[in-house]
*Asks:* 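Structure below; questions to follow.
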Amino acid sequence: MPELSFQERAKLCACDAGRRVFETMARKQSCLSFNPDVTTKAEILETVRQVGAECCMIKTHMDVVSDFDDDLVAQLQKLSEELDFVIFEDRKFADIGNTAMLQYEHGHHRIASWSHVTNAHIVAGPGTVEALKKVGIPLKRGCLLVAEMSSKGTLADGGPYTKAAVEQAYAHEDFVFGFVAQRRITDHAGFLTLTPGVQLQKGGDAMGQQYNTPASVMAKGADIIQVGRGILNAPDRSAAAKEFRKQSWEAYTARLAE
Ligand code: BMP
């Protein structure tokens with residue numbers, strides 16, 4: 001089957017937030033999501049200001065931010081409008097439905113109230129997504145399922161567990177619009193693949209993370225490359241983000257031309 005453009009795929013996506021992601025990617029010509037995995041509000045905002053213009057998405061882990069407050073959310077939302085990116089809180093919900101629902105809507109972070117996109121593990125069965133959806137759909141939110149992981153020894157490794165994630169996604173297309181995975185795992189072009197574990201050189205870290213290059217993950221069907229320390233630790237973050245954006249966008253356009 002020929003590769004469809006992100007604009008065409010937006011029309012096949014049944015989730016409001018998912019369409020917004022595809023459309024942002026097409027409009028900005030960016031397959032880059034950056035995660036500022038830093039622990040203060042000032043550092044998050046500083047790094048997002050440095051690289052947000054290059055990104056279709058900014059992925060956060062708000063539970064590591066020591067001074068999280070409503071103003072951080074307000075400023076991030078403002079930057080999301082100014083610099084045109086989607087906000088993705090990488091909460092990886094994994095509990096039974098009722099608990100996941102409470103965690104999504106309430107607590108210190110009130111994730112559903114500000115994050116366009118979140119994600120979930122499928123380990124607890126379909127109840128997690130079913131419950132998140134009850135909160136997310138009225139707010140036009142979307143969810144990615146963690147179908148495969150980038151870390152050494154992961155149990156989410158392409159086998160029956162990954163297939164179960166695909167089944168759950170098909171059952172909830174209005175809320176689930178894709179996967180966190182190391183390669184494309186379904187032919188459904190309305191689903192998006194976000195791949196973490198990306199740096200300019202293949203390698204890893206001391207705690208089990210494994211890195212592949214933008215070109216190699218795009219060749220396996222990634223639509224968004226998820227990059228953290230490859231940009232965060234670069235001497236010039238903006239230049240690094242430009243390079244990741246260029247390499248991944250070129251790989252996408254090459255795919256379209258195949
Ligand atoms: P880094 O590029 O600095 O290794 O960051 C990768 C990011 O992607 C982290 O925020 C991590 O939580 C996330 N991630 C991952 O590394 N592998 C996965 O399989 C799923 C993830 O969400």
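The model shown is predicted, which means the values in this text are computed figures rather than measured ones. All ligand and atom numbering here is 1-based and tracks the order in the structure.
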*Asks:* In the protein, which heavy atom is nearest to atom 19 (O) of ligand 1, and how far is it?
*Replies:* S150 N, 2.8 Å
*Asks:* Between T154 and ligand 1, find which residue part has any heavy-atom pair under 4.0 Å and reply side chain, backbone, both or neither.
*Replies:* neither
*Asks:* Could you check, using the six-membered ring where one of them is a Trp, whether F34 and F244 have ring centers closer than 6.0 angstrom?
*Replies:* no
*Asks:* Can you name the atoms of ligand 1, numbered from 1 with element, that are less than 4.0 Å from a heavy atom of R229?
*Replies:* 1 (P), 2 (O), 3 (O), 4 (O)
*Asks:* Students should be able to answer this: which protein heavy-atom is nearest to atom 4 (O) of ligand 1, and at what distance?
*Replies:* Y211 OH, 2.6 Å
*Asks:* Do any pairs count as a ring pair (Phe, Tyr, Trp, His ring centres under 6.0 Å) and have a residue in residues 190-218, sequence neighbours left out, and if so which ones?
*Replies:* Y170-F191, F179-F191, H188-F191
*Asks:* Are the charged groups of D63 and R91 less than 4.0 angstrom apart, N to O?
*Replies:* no
*Asks:* Any idea which protein heavy atom is nearest atom 20 (C) of ligand 1, and the distance to it?
*Replies:* P196 CG, 3.5 Å
*Asks:* Should the pair Y104 and F93 be assigned to parallel (<30°), tilted (30 to 60°) or perpendicular (>60°) ring geometry?
*Replies:* perpendicular
*Asks:* What residue and heavy atom of the protein are closest to atom 12 (O) of ligand 1, and at what distance?
*Replies:* H61 NE2, 2.9 Å
*Asks:* Of the listed options (Q209, Q210, K92), which comes nearest to atom 6 (C) of ligand 1 when hydrogens are ignored and any heavy atom counts?
*Replies:* Q209
*Asks:* Is the backbone N or O of V217 less than 3.5 Å from a side-chain atom of N212, with the two atoms forming a donor-acceptor pair by type?
*Replies:* no
*Asks:* Does ligand 1 have a heavy atom under 4.0 Å from the side chain of D37, from its backbone, from both, or from neither?
*Replies:* side chain
*Asks:* Nearest protein heavy-atom contact for atom 7 (C) of ligand 1: which residue, which atom, what distance?
*Replies:* N35 ND2, 3.4 Å
*Asks:* State yes or no: do L12 and F177 share one hydrophobic cluster built from I, L, V, M, F, W and Y residues joined by side-chain heavy-atom distances below 4.5 Å, directly or via other members?
*Replies:* no
*Asks:* Compute the ring centroids of H116 and F88, then answer whether they are less than 6.0 Å apart.
*Replies:* no
*Asks:* What atoms of ligand 1 come within less than 4.0 Å of a heavy atom belonging to M149?
*Replies:* 18 (C), 19 (O), 20 (C)
*Asks:* Considering heavy atoms of the protein only, find what lies nearest to atom 2 (O) of ligand 1 and give residue, atom and distance to 0.1 Å.
*Replies:* G228 N, 2.9 Å
*Asks:* Report yes or no: does a heavy atom of K59 sit under 4.0 Å from some atom of ligand 1?
*Replies:* yes
*Asks:* Using distance only, find each side-chain donor-acceptor pair of residues 51-60 under 3.5 Å and give its atom names and separation, not counting sequence neighbours.
*Replies:*
unit_1: E54; atom_1: OE1; unit_2: R245; atom_2: NH1; d: 2.7
unit_1: E54; atom_1: OE2; unit_2: K242; atom_2: NZ; d: 3.3
unit_1: K59; atom_1: NZ; unit_2: H61; atom_2: NE2; d: 3.3
unit_1: K59; atom_1: NZ; unit_2: D90; atom_2: OD2; d: 2.5
unit_1: T60; atom_1: OG1; unit_2: E89; atom_2: OE1; d: 2.7

